[in-house]
Protein chains: 2
Amino acid sequence: MDSEELRNAGLKVTTPRLKILTLLENSAERHMTAETIYRLLVEGGEVIGLATVYRALAQFEAAGLITRHHFDSGQTVYELERGPHHDHIVCIRCGRVEEFYDKVIEERQREIAASLGFTLSDHALTLYGQCNSADCPGRNG
Amino acid sequence: MDSEELRNAGLKVTTPRLKILTLLENSAERHMTAETIYRLLVEGGEVIGLATVYRALAQFEAAGLITRHHFDSGQTVYELERGPHHDHIVCIRCGRVEEFYDKVIEERQREIAASLGFTLSDHALTLYGQCNSADCPGRNG
DNA sequence: GCCTAAACGATAATGATTCTCAATATAGAT
DNA sequence: ATCTATATTGAGAATCATTATCGTTTAGGC
Ligand SMILES: [Mn+2]
Ligand SMILES: [Mn+2]
Ligand SMILES: [Zn+2]
Ligand SMILES: [Zn+2]
């Protein structure tokens, strides 16, 4: 139950938080902007404020429930933390996001940080390119 | 001469553009925000508008003279394009930025994109950690 | 030097995110 | 189950970064 997750995170169990968490769990698209989350909820008939969405997302992130990404669009994208770490490849035409994990890259990152005298705590790797999905516009050329 | 670079980029040689380009070339810090560039110029006694800085940076980027980065701060950071491609590691305490290039990572990225059916066109890799600089606050434990 | 399109600086407008505040709901204690 | 202290909410104002507008100035081909 989502209530458990909130309690474990030290957050009160409130209706808006449950709505947001449930949406993040059930949505097909795993990577969403705050505005998108808000819009989906409102379109689904829920009454909720945009500020509440931002607040909840910030709290979820602080609690480690979600992660935030800064793809090239500039807008912050949120993603429910489930499963192991991964990085992303984004289609510059249709915006589709695929996930991948590469042991070699992860290992090299640790070595690079160490060689530069840094204590590595995090990283962000995003590849950009054109996908081969049938739905991707402008394909074929 | 900077005038050459502007002409080669198909841009008119104007005083503001020269000021900005010169600053980017002479500044010790290679990675700067638009606001920082603007402030440095104004503090240096120049008369220039913030909008002009943004405009020039956008044009420089379109011409391939500079690149833009989205580190975790969210703010866009600009960097003069000189020398070969590289990625970055940012200190989460003092903000210091170091550069690196890793052949293995670059190669793996190409392989990953290909295996996922993407035509790779770009990528952004940033490592975050704590540096060992003497100036870095909060160091020591 | 003249002329016209491009560029400039100031400032208004926009888009994303955060803050403020009065009303409401939660969690714990009766 | 009810009460209470406090955290949370929703609406809208405020802020921050960035972009658009517009009247004035300037670059550069003739
Ligand atoms: Mn993901
Ligand atoms: Mn760099
Ligand atoms: Zn695509
Ligand atoms: Zn540091």
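The chains referred to below are lettered A, B, ... by the order of the sequence lines, with proteins before strands, and numbering in each begins at 1. It should be emphasised that the depicted structure is a prediction, and the values quoted were computed from it without experimental measurement. Computed from heavy atoms alone, side chains included, the values below leave out hydrogens, waters and symmetry copies.
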**Asked** If we only count heavy atoms from C-beta on, is the Thr126(A) to His69(A) side-chain gap below 4.5 Å?
**Response** no
**Prompt:** Taking only residues two or more places apart in sequence or in another chain, which ones pass side chain to side chain contact (heavy atoms under 4.5 Å, CB included) with Arg68(A)?
**Reply:** Glu61(A), His70(A), Thr76(A), Tyr78(A)
**Prompt:** Is any side-chain heavy atom of Leu125(B) less than 4.5 Å from a side-chain heavy atom of Gln109(A)?
**Reply:** yes
**Prompt:** Taking any atom under 4.0 angstrom from a heavy atom of chain B, which nucleotides of DNA chain C are the first and last to qualify, 5' to 3'?
**Reply:** dA6(C) to dT11(C)
**Request:** Name the residue closer to the 5' end of DNA chain D, choosing between Val47(A) and Thr76(B) according to the nucleotide with the nearest heavy atom.
**Result:** Val47(A)
**Fill in**
At a 4.0 Å cut-off to heavy atoms of chain B, the contacted part of DNA chain D spans dA17(D) to dG28(D)
**Residues touching DNA chain D, which here means a heavy atom under 4.0 Å, drawn from residues 55-75 of chain A** = Arg55(A)
**Prompt:** Would you say the side chain of Phe60(A) lies within less than 4.5 Å of the side chain of Arg17(A), judging by non-hydrogen atoms?
**Reply:** yes
**Glu4(B) with Arg7(B): basic N within carboxylate O range, under 4.0 Å** = yes
**Prompt:** In degrees rounded to 10°, what angle is found between the helical axes fit to the five outermost pairs at each end of the helix from dG1(C)-dC30(D) to dT30(C)-dA1(D)?
**Reply:** 30°
**Request:** Check DNA chain D against residues 25-35 of chain A and give the residues with a non-hydrogen atom under 4.0 Å, in numerical order.
**Result:** none
**Request:** Return the set of residues passing side chain to side chain contact (heavy atoms under 4.5 Å, CB included) with Ala9(B) (not counting sequence neighbours), or none when no residue passes.
**Result:** Leu11(B), Ala63(B), Leu65(B)
**Message:** By the 4.0 Å heavy-atom rule, please label Ile48(A) as base, sugar-phosphate, or nothing.
**Reply:** sugar-phosphate
**Request:** Please name the pair of heavy atoms, one in Leu57(A) and one in Ala34(A), separated by the smallest distance, quoted to 0.1 Å.
**Result:** CD1-CB, 3.8 Å
**Request:** Check for a donor-acceptor pair, side chain of Arg93(A) on one end and backbone N or O of Pro137(A) on the other, with a separation under 3.5 Å.
**Result:** yes
**Non-neighbouring partners of Thr36(B) that pass side chain to side chain contact (heavy atoms under 4.5 Å, CB included), sequence neighbours left out** = Met32(B), Thr33(B), Arg39(B), Leu40(B)
**side chain to side chain donor-acceptor pair (under 3.5 Å) against Thr67(A), all qualifying residues, sequence neighbours excluded** = none
**Item:** 4.5 Å side-chain heavy-atom contact, Asp87(B) and Glu106(B)
**Value:** yes
**Item:** Any Lys12(A) side-chain heavy atom under 4.5 Å of Leu6(A) side chain
**Value:** no
**Ile48(B) vs Thr15(B) side-chain heavy atoms within contact, under 4.5 Å** = no
Would you list the atom pairs, donor with acceptor, under 3.5 Å between side chains in residues 110-121 of chain A and any protein atom, with sequence neighbours excluded?
unit_1, atom_1, unit_2, atom_2, d
Arg110(A), NE, Glu107(A), OE1, 3.3
Arg110(A), NH2, Glu107(A), OE1, 2.8
Glu111(A), OE1, Arg108(A), NH1, 2.5
Ser115(A), OG, Ile112(A), O, 2.8
Ser121(A), OG, Tyr128(B), O, 3.2

**Asked** Below 4.5 Å, heavy atoms only, C-beta onward: do Cys91(B) and Ser133(B) meet side chain to side chain?
**Response** no
**Request:** State, with a plain yes or no, whether a side-chain heavy atom of Val97(A) is found less than 4.5 Å away from one of Arg30(A).
**Result:** no
**Request:** Kindly state which residues belonging to residues 12-22 of chain A come within less than 4.0 angstrom of DNA chain C, counting heavy atoms of the residue only, listed by number.
**Result:** Lys12(A), Val13(A), Thr15(A)
**Item:** Pairing residues for His31(B) by the ring pair (Phe, Tyr, Trp, His ring centres under 6.0 Å) criterion, not counting sequence neighbours
**Value:** His88(B)
